[in-house]
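Report on the structure given below.
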Amino acid sequence: GAGVSQSPSNKVTEKGKDVELRCDPISGHTALYWYRQSLGQGLEFLIYFQGNSAPDKSGLPSDRFSAERTGGSVSTLTIQRTQQEDSAVYLCASSTTRVTRGTEAFFGQGTRLTVV
Amino acid sequence: GEDVEQSLFLSVREGDSSVINCTYTDSSSTYLYWYKQEPGAGLQLLTYIFSNMDMKQDQRLTVLLNKKDKHLSLRIADTQTGDSAIYFCAERRLYNFNKFYFGSGTKLNVKP
């Protein structure tokens, strides 16, 4: 597609359930990022993929969080046994890693996760 | 301390200029970006500046970079109500180019 696509756009889940959030990056973008934005807060880095590998997963808050990327394209962020503090907007972004002019990150619209 | 810092709020009147400030800590920063986030939406790139530049102008937007003080600013001329949004400063570093470091965002409120 033309932009970064995330699904679902909204997700309400019960505490203790597992959820999967999906990100379709821009075609050809080798780098993919997951960020979390809690209400009134800035962007919290979660994990970065280069191709299918994750050189930096330092931002994952706990072992309940995991992410994978297949075929150098789609990525899934999984949260197990969700807690209320997991409620946030989860943003995905992709970029080229070539050091060319600009090389900005392009963001999806986000998935708003509400844990009740 | 945080890698990238911004003030949380700014309020201006329509027609005035807005100046949003950002400070960063890493001297190897190569690209610096300003993103805009409107309510309920993702982040959109407004403009960026390479670290060997002091200033960049794009229509109503002026970016100033003081590399010595590690200070970046975004000036919006003739601010409109449609400019009300959260503005994020971000950087990429030479030795870890694949990671973006974002500030906490500045919420700009434009009063009619």
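Lettering of chains follows the sequences in order, A, B, ..., and the numbering in each one begins at 1.
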Review point. In terms of heavy-atom contacts, does NZ of A:Lys17 have more than 12 from other residues, nucleotides or ligands at under 6.0 Å?
Key: no

Least distance between heavy atoms, [X] atom then [Y] atom:
X        : Y        : result
B:Phe100 : A:Ser95  : CE1-OG, 4.1 Å
A:Gln109 : B:Gly42  : OE1-N, 3.4 Å
B:Arg92  : A:Glu104 : NH1-N, 4.4 Å

Practice item. Below 4.5 Å from any heavy atom of chain B, which atoms of A:Leu43 appear? Answer side chain, backbone, both or neither. Key: both

Review point. Checking A:Ser58 against chain B: side chain, backbone, both or neither under 4.5 Å from a heavy atom?
Key: side chain

Joint hydrophobic cluster, [X] plus [Y], side-chain heavy atoms closer than 4.5 Å:
X       : Y       : value
B:Ile86 : B:Tyr35 : yes
B:Phe88 : A:Trp34 : no
B:Tyr48 : B:Phe50 : yes
B:Leu45 : A:Leu32 : no
A:Tyr33 : A:Leu91 : yes

Review point. Is it the backbone or the side chain of B:Gln37 that comes under 4.5 Å from a heavy atom of chain A, or both, or neither?
Key: side chain

Practice item. Please confirm whether A:Phe107 and B:Phe102 have ring centers closer than 6.0 angstrom. Key: yes

